[in-house]
Novice: 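One structure is given below, represented as structure tokens, and several questions about it will come after.
First the proteins, then the strands, lettered A, B, ... as listed; each starts at 1. This one's a predicted model, so the numbers in the text were calculated from it and none came from an experiment.
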Protein chains: 2
Amino acid sequence: MDPDGTLAFASHDHAACRDGAMAHAEAVAEAKGLRLTPVRRRALEILLESHQALGAYDVLDRLAEEGFGRQPPVAYRALEFLVEHGFAHRIRRLNAFAACMHPGEAHVPVFLICSACNGLAEAPGAAVATALRQSAGPLGFRVERMSIEAVGLCPACQEGDE
Amino acid sequence: MDPDGTLAFASHDHAACRDGAMAHAEAVAEAKGLRLTPVRRRALEILLESHQALGAYDVLDRLAEEGFGRQPPVAYRALEFLVEHGFAHRIRRLNAFAACMHPGEAHVPVFLICSACNGLAEAPGAAVATALRQSAGPLGFRVERMSIEAVGLCPACQEGDE
DNA sequence: CTTGACTAGTTATCTTATAACATATTCCTT
DNA sequence: AAGGAATATGTTATAAGATAACTAGTCAAG
């Protein structure tokens, strides 16, 4: 599913994209014995509606409208579950969350954030991660987690802006 | 000054380290015609006291104690100035700020954050930035800014933890 | 010595995130 | 099927981080 991150910025059949990601996530949850409860499932569906990051309170509003709790922990806990198990990512630069486009696959995501349309893509980060470890190695630092995020312009938003 | 980021995690003469960074920053400000006013200078000195990131409110408390304003914008504006002109960096993962160890030199910083002691080092990021651009290129994304941050253990905190 | 740009201060408010506790659900064990 | 541990959901309250909008002081150029 979108191994090279091209989908997010290209026009595509998003209904299929979303459904595929959802099905994939469900299969992974099933396989790992994780409880994809109604709030958690719904939170993931909400994130999957677009290739953009959503703030926790945005997700919370949506959940509350649909009969779930309306207090912050409701959203934060669902999102925490999704992030912890690899169904979603936290985008630190935006204080926001986005559905993962490769659930189940080990990967270091590189987030590309379009400053014009707020679109978000996940580029492959293996090479970046390697370079980072090589940069940290000489300092004797042991890397455990990393966040790699870039802000710029997606292909569509570069037009008329050259 | 600390071109390879080794200083932060190694024991060193920090008074000289701090004074050197401050002198360097002043020279750069002078050269560029920037106004390193008392609040701004003091904010930078506070950041330079340790190789750790400080929250805006931590800096604000210190500034207030010393007779500067005690409202958030006082700290945020000073920090914004420092970041904008390359005297400090914002560490998104920590919602915090840290003095730059290479003021005046163009560089992409890679932040190494020790989860045990909160130490912070700035590793060289040229190779990482190149890898990132190569990862973003095929998607047609034009990178403008990037944040590259790693969490892990510094050399000292790895001892007795292997 | 006044004008315009910039700086520093204020009040007020907004956004993001977590702590602590009560209730309900699930699921394993017997 | 009942008991009990673990997990999940909900609440109230508050902490932590950030910005908008306005007022007043500073300073250098004309």
Novice: Measuring only between side-chain heavy atoms, which start at C-beta, is B:S115 closer than 4.5 Å to A:E144?
Specialist: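 The answer is yes; the side chains approach within 4.5 Å.
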Novice: Between A:N95 and D:dG17, is there a side-chain N or O to OP1/OP2 distance below 4.0 Å?
Specialist: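 No, because none of the side-chain N or O atoms of A:N95 sits under 4.0 Å from OP1 or OP2 of D:dG17.
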Novice: Can you tell me if B:R40 touches the phosphate of C:dT7, counting only side-chain N or O atoms and a distance under 4.0 Å to OP1 or OP2?
Specialist: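 Yes, because at least one side-chain N or O of B:R40 sits under 4.0 Å from OP1 or OP2 of C:dT7.
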Novice: Side chains of B:H14 and B:E49 only: does a donor on one sit below 3.5 Å from an acceptor on the other?
Specialist: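 There is no such pair (donor and acceptor under 3.5 Å, judged by atom type) between the side chains of B:H14 and B:E49.
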Novice: On DNA chain C, nearest-nucleotide positions of B:F81 versus B:P73: which is more 5'?
Specialist: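 Looking at DNA chain C, the more 5' nearest nucleotide goes with B:F81.
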Novice: Give the nucleotide from the list C:dA8, C:dA17, C:dA19 with an atom nearest to the side chain of A:F97.
Specialist: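 The answer is C:dA17, which lies nearest to the side chain.
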Novice: Can you measure A:R92 atom CZ to D:dG17 atom C1' for me and round it to whole angstrom units?
Specialist: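 After rounding, the reported distance stands at 13 Å.
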Novice: Expressed in angstrom and rounded to an integer, what is the separation of B:L94 atom CG from D:dA16 atom C1'?
Specialist: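 Taking atom C1' of D:dA16 as the reference, CG of B:L94 is at 14 Å.
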Novice: Less than 4.5 Å apart, side chain to side chain, heavy atoms only: is that true for B:L60 and B:F68?
Specialist: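 Of all side-chain heavy-atom pairs linking B:F68 with B:L60, none is under 4.5 Å.
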Novice: May I ask you to check if B:R90 and B:F97 form a cation-pi contact, with NZ or CZ under 6.0 angstrom from the six-membered ring centre and within 45° of the axis?
Specialist: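 That pair does not qualify as a cation-pi contact.
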Novice: How long is the line joining CZ of B:R77 and C1' of D:dT19, in whole Å?
Specialist: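 So the CZ-C1' distance, B:R77 to D:dT19, works out to 10 Å.
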Novice: Quick one about A:S147 and A:R92 (side-chain donor to acceptor, distance below 3.5 Å, no hydrogens or angles considered), yes or no?
Specialist: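 Not at all, the side chains of A:R92 and A:S147 share no donor-acceptor pair under 3.5 Å.
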Novice: When only distance counts, do a donor and an acceptor, one from the side chain of B:Y57 and one from the base of D:dA15, lie under 3.5 Å apart?
Specialist: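 No, no donor-acceptor pair under 3.5 Å.
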Novice: Output the rounded distance in Å from CZ (B:R42) to C1' (C:dA8).
Specialist: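 Checked: the CZ to C1' distance equals 17 Å.
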Novice: Could you give the OH-to-C1' distance, from B:Y76 to C:dA12, as a whole number of Å?
Specialist: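 So the two atoms are 15 Å apart, to the nearest Å.
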Novice: Figure out the CG/P separation between A:L36 and D:dT7, and round it to whole Å.
Specialist: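 Between P of D:dT7 and CG of A:L36: 17 Å.
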Novice: Could you please name the option among C:dA17, D:dT9, C:dC6 that lies closest to any side-chain atom of A:P72?
Specialist: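 Out of C:dA17, D:dT9, C:dC6, the nucleotide with an atom closest to A:P72's side chain is C:dA17.
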Novice: When you measure from the side chain of B:R90, which nucleotide among C:dT10, D:dA18, C:dG9 comes out closest?
Specialist: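 Nearest listed nucleotide: D:dA18.
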Novice: In this structure, how many angstroms lie between the P atom of C:dA8 and the CD atom of B:E66, rounded?
Specialist: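 The distance from CD of B:E66 to P of C:dA8 comes to 15 Å, rounded to the nearest Å.
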Novice: Starting the side chain at C-beta, find the nucleotide from D:dT19, D:dT11, D:dT7 nearest to A:Q71.
Specialist: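 Out of D:dT19, D:dT11, D:dT7, the nucleotide with an atom closest to A:Q71's side chain is D:dT11.
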Novice: Rounded off to whole Å, could you give me the CD-to-C1' distance for the A:E84 and D:dA8 pair?
Specialist: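 Nearest whole value for this atom pair: 13 Å.
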